[in-house]
2 protein chains.
Amino acid sequence: MGEVTIQQVATEAGVSPSTVSNLLNGRNHRMLPETRQRIETAIDKLGYRPNRAARQLRTGRTSTIGLVVPSVGNPFWGALARHIESAALAEGYHVLLCNSERDPRRERDYIDELWADGVHGVVLCSSLPSLEHVMPLVERGLQLVAFDRTSQAGDPASLVSISVDNAVGSQLATQHLTDLGHRRLAYVSGALASVNRKERYRGFVAGLEQAGLDPAEALRAPTGSGADDFGDVEASELGRAAAAELVALDEPPTAIVAINDMCALGVCRGLRDGGLEVGKDVSVVGFDDIVLADLYAPTLTTVRQPMREMAAAAFSQLRSRLDDPGPSQGQSLLFRPELIVRESTAPPP
Amino acid sequence: MGEVTIQQVATEAGVSPSTVSNLLNGRNHRMLPETRQRIETAIDKLGYRPNRAARQLRTGRTSTIGLVVPSVGNPFWGALARHIESAALAEGYHVLLCNSERDPRRERDYIDELWADGVHGVVLCSSLPSLEHVMPLVERGLQLVAFDRTSQAGDPASLVSISVDNAVGSQLATQHLTDLGHRRLAYVSGALASVNRKERYRGFVAGLEQAGLDPAEALRAPTGSGADDFGDVEASELGRAAAAELVALDEPPTAIVAINDMCALGVCRGLRDGGLEVGKDVSVVGFDDIVLADLYAPTLTTVRQPMREMAAAAFSQLRSRLDDPGPSQGQSLLFRPELIVRESTAPPP
DNA sequence: ATGAAAGCGCTAACAC
DNA sequence: GTGTTAGCGCTTTCAT
């Protein structure tokens, strides 16, 4: 019941293991068609599959990449995982899934382990403003593609960043609201601890200013330290709590920009709890365009990230760097967001 | 920049590699505390991490398991992946993610590759009624835990199945509807091609009969061959299309049982398209209790699967079989579903 | 155009 | 209690 080895294939085909190996690795340009034929027959007959551990031990290469996301339980990250995996599969790569739960320590431990496993390429979806905790490995040759996080000053020089243009997206959303006539806007997000959150907020402020509104007067929720306590899975909880706060105000906002779709759905839920009708009493706009945005009642106006393309780019960047691990130039790919107008936004009542 | 090897650690600590290995593998009961100390110091100093490829090549074991799901883009599978990964991580295992996209061929290819990678344990979320395509590997020693699919007659003897009691769950849902006074029910699902779909439908029928209704008179949607064309990601699309059909009927149903939550959300969407109000004109009940069920408007009545427990069970079953790969008895674990009543169900108008 | 040989880093008998 | 030794299956010079 032992596995078939390259040795057995060689014996069966009447050649040496190295010849089989040569064929396997595409070094068959000057191989006799007959030899080649014999080997292929033997492989088929024996059902031979190369042992990856052995191959990896020898070459130091793996065709496995790591994917670190906050949580695949969140539909947004789930969708990313699906697309990354699909792009990887098409090139014969496998994906090791890591849920950081937005815990920096877990994130670091994971990357350490991936490295120890021989995984030299990782798509990292980190909320952390600094990537210092992974620098040692990057210096040792770890290839990193940051997803949903634009490059920062202290980042490793070779870092590739794939992200939607968050500021533009948020500004688009905000502008849509002010165009509809809204003057009293609120912004809902957790603590602006991560790069992309900051950028999205910046877009919100820019949108306000463009409409001649004073950002200082815009509402923010949830207030207080509570904002820090919400992780990624609970984005909807956060939105719901924030909406409750907002509804209780003397002068509630007529429009709300949420940090992302899950949060926006929570906001909608909280608004309903407070007896308000979304898309009528209050407008809500999200960010991401997850599948559920178009399913919700009312359907959610949101900013779409071109996920499939972004995922494909993330993988192909990683792959090309894995193939040529020389010291390479870092770069940022910023994708263009698109405003998708649906039912959750309307002129103020 | 080469990696630190066990040899270097040994040299540094002034011992032999085997002694280091012994410590690493917990064979340190009768080791001099001093030796142990020296080794640990050396490990820390050098930042040593064992090379898994080498270890795997030597022992034939991996601490990686495979997880094959239809698509992590679907929140239900995303949640499962998160929980499985979390259970695995707690025991030092890693999870290789595989999206089958409900393609039997992809499913098989994946499992073949996992096996070739030295992965001997797989949690398989297959919709397929037959597991014949993976039998050869099971016979070679592949440990398989089927998730969301109860054991079938032709299954491998050693198979472990983890599933919610689908029939009971569906019956609970149906009964809830008939208790509310509904007489004209519809069932929405794709083709009953998979084991769990069949079971859920059986529960629906049982619920009807228990209420003295004739299952033959119950509606089913979508009708026609269209039902086959929907995969997993598009469950919501299917629900929406089905609702459109149902709404167009002379006598539309007053209550709808959907195969799962994503489908139910699609149904709600379709109902709204048709101008009907969910939870008032029509009642809808789903299955799974994904996070969004409680976020939706109206909140969705559904049947909860105890995901975390089920995921933990799946992993621990797999693990124990991996640890003792002797020919083991197959078994089925059927978890108790729970009806969660929310706003989407009410007495008929 | 093919083969022989060495060794990747680790573990597990078996010595001592 | 610790060291010696012999590979696990594969790739890759270097010969031929």
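Just so it is clear, the structure is predicted and the values come from calculations on it, not from any experiment. Below, read A as the first sequence line, B as the second, and so on, with proteins coming before strands; counting in each chain starts at 1.
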(request) Check DNA chain D against residues 17-26 of chain B and give the residues with a non-hydrogen atom under 4.0 Å, in numerical order. (result)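 Only Ser18(B), Thr19(B) qualify.
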Minimum-distance pair of heavy atoms, taken over all atoms of [X] and [Y]:
X	Y	result
Leu89(B)	Arg106(A)	CD2-NH2, 3.3 Å
Arg52(B)	His94(B)	NH2-CE1, 4.0 Å
Trp77(A)	Asp148(A)	CH2-OD2, 3.7 Å
Ser71(B)	Glu101(B)	CB-OE1, 4.1 Å
Glu3(A)	Trp115(B)	OE1-NE1, 3.2 Å

Specify the separation, in whole Å, of atom [atom1] of [X] and atom [atom2] of [N].
X	N	atom1	atom2	value
Arg52(A)	dG9(C)	CZ	P	21 Å
Ile39(A)	dG3(C)	CD1	C1'	12 Å
Gln56(A)	dT11(D)	CD	C1'	14 Å
Arg58(B)	dA13(C)	CZ	C1'	9 Å
Asn51(B)	dC8(D)	CG	C1'	13 Å
Arg38(A)	dT2(C)	CZ	P	8 Å
Ile6(A)	dT12(D)	CD1	P	11 Å
Arg61(A)	dT12(D)	CZ	C1'	13 Å

(request) Under 4.0 Å between any heavy atoms, over every strand shown, what does Leu32(A) touch: base, sugar-phosphate, or nothing? Just pick one. (result)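 Sugar-phosphate, no base atom in range.
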(message) For a 4.5 angstrom cut-off between non-hydrogen side-chain atoms, does Ile65(A) reach Leu318(A)?
(response) yes
(message) Of the options dC10(C), dC8(C), dT4(D), whose atoms approach the side-chain atoms of Tyr48(B) most closely?
(response)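 Of dC10(C), dC8(C), dT4(D), dC10(C) is nearest to the side chain of Tyr48(B).
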(request) Step through the shown structure and confirm whether more than 12 heavy atoms of other residues, nucleotides or ligands are within 6.0 Å of CD on Glu132(A). (result)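 At most 12 heavy atoms, drawn from other residues, nucleotides or ligands, come within 6.0 Å of this atom.
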(message) Is it the case that over 12 heavy atoms from other parts of the model lie below 6.0 angstrom from the CZ atom of Arg49(B)?
(response) yes
(message) Less than 4.0 angstrom between a side-chain N/O of Thr5(B) and OP1 or OP2 of dG9(C), yes or no?
(response)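 It does not, given that no N or O in the side chain of Thr5(B) lies less than 4.0 Å from OP1 or OP2 of dG9(C).
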(request) Taking only the side-chain nitrogens and oxygens of Thr59(A), find out if one of them lies under 4.0 Å from OP1 or OP2 of dC8(C). (result)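 For dC8(C), neither OP1 nor OP2 has a side-chain N or O of Thr59(A) closer than 4.0 Å.
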(message) Asp155(B): which residues meet the side-chain hydrogen bond (donor to acceptor under 3.5 Å, both in side chains) condition with it, sequence neighbours left out?
(response)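 Scan of Asp155(B) (side-chain hydrogen bond (donor to acceptor under 3.5 Å, both in side chains), adjacent residues dropped) gives Arg149(B).
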(message) To the nearest 10°, give me the bend of the helix from dA1(C)-dT16(D) to dC16(C)-dG1(D), comparing the axes of its five terminal pairs at either end.
(response)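 It comes to 30° between the two terminal axes.
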